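These numbers were taken from a predicted model, which means no experiment stands behind them.
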Amino acid sequence: MSGDAPTYAALSDGALMVLFANGDPGAARVLTERLLPRALGHATRVLGDRAEAEDIAQEAMLRLWRAAADWAQDGPAAPATWLYRVVANLCTDRLRKSGQSALTDEADRHSDTRPSVEAQMIAGDRMAALDAALALLPERQRQAVVLRHIEGLSNPEIAMILDLGVEAVESLTARGKRALSAALSGKKEALGYDS
């Protein structure tokens, strides 16, 4: 099997879904390694609770596997986009049920070099301030801003995830950025940013 690993690495997510649907467990393993950290990271940023985010990410992955049998490799959405949409919807449902909208600093850390303690503290303070400001945004703005500026997705991808038009996504992210800028404007010096 180890000889197959490079073959999997070269395949698209859609091709891996088709392989999994045809009974290839190796394809599921590779796709899980690619997508689960992203789903977990997004859910954590939106919910602010690592345990809740793990539940959401696991449920989203289960739904992805259930959809594999009907997956078209060249379908309208990539598996990652489809998964982000499921995560966004599950987070929305969870937030509505709980009445919560807080975020915590559970961002992924994949750095091989450790920053200094001071740099870690500054980064922690900045992330906490960003999380607090994000928590003030309406839910759709928060999701659009997180998907665009933290997850790095394109506006068309976000539009598919949130089931909106591209112009609506652009409007949400623009309003969200303005609100974040206003919420953080008086904290630049305290967060170590020069004026």
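- Checked against Ile158 for a side-chain contact (heavy atoms from CB on, under 4.5 Å), the options Arg85, Glu151, Arg148 give a single hit: Arg148.
- Heavy atoms of other residues, nucleotides or ligands lying less than 6.0 angstrom from CD of Glu33 number more than 12.
- Contact of the Glu59 side chain with the Val87 side chain is not registered, since no non-hydrogen atoms from C-beta on lie closer than 4.5 Å.
- Atom-to-atom distance recorded for Thr81:OG1 and Ile161:CD1 is 5.5 Å, nearest 0.5 angstrom.
- Using modelled atom types, one finds a donor on one side chain and an acceptor on the other under 3.5 Å when comparing Ser171 with Arg175.
- Atom CG in Leu64 sits 6.0 Å away from atom CG in Leu31 (nearest 0.5 Å).
- Using modelled atom types, one side-chain atom of Arg140 and one backbone atom of Leu162 make a donor-acceptor pair closer than 3.5 Å.
- Counting only N and O atoms by type, the side chains of Thr92 and Gln143 include a donor and acceptor under 3.5 Å apart.
- Nearest heavy atoms, Val166 versus Pro156: CG2-CA, 4.0 Å.
- Rounded to the nearest 0.5 angstrom, Arg34 CZ and Leu83 CG are separated by 13.5 Å.
- Here CG of Asp13 is found 13.0 Å from CH2 of Trp82. Values are rounded to the nearest 0.5 Å.
- In this structure, Glu52 CD and Leu90 CG are separated by 11.5 Å, a value rounded to the nearest 0.5 Å.
- For the pair Leu35 and Tyr84, the minimum side-chain heavy-atom distance is 4.5 Å or more.
- When the side chains of ILVMFWY residues are joined at heavy-atom separations under 4.5 Å, either directly or via intervening members, Ile56 and Val46 end up in a single hydrophobic cluster.
- Distance check, rounded to the nearest 0.5 Å: CG of Leu153 to CE of Met160 gives 11.5 Å.
- Formation of a donor-acceptor pair under 3.5 Å by the Glu157 side chain with backbone atoms of Ser154 is found in this model.
- In this structure, Asp24 contributes its side chain and Phe20 its backbone to no donor-acceptor pair below 3.5 Å.
- The backbone N or O of Leu40 lies less than 3.5 Å from a partner atom in the side chain of Thr44, making a donor-acceptor pair.
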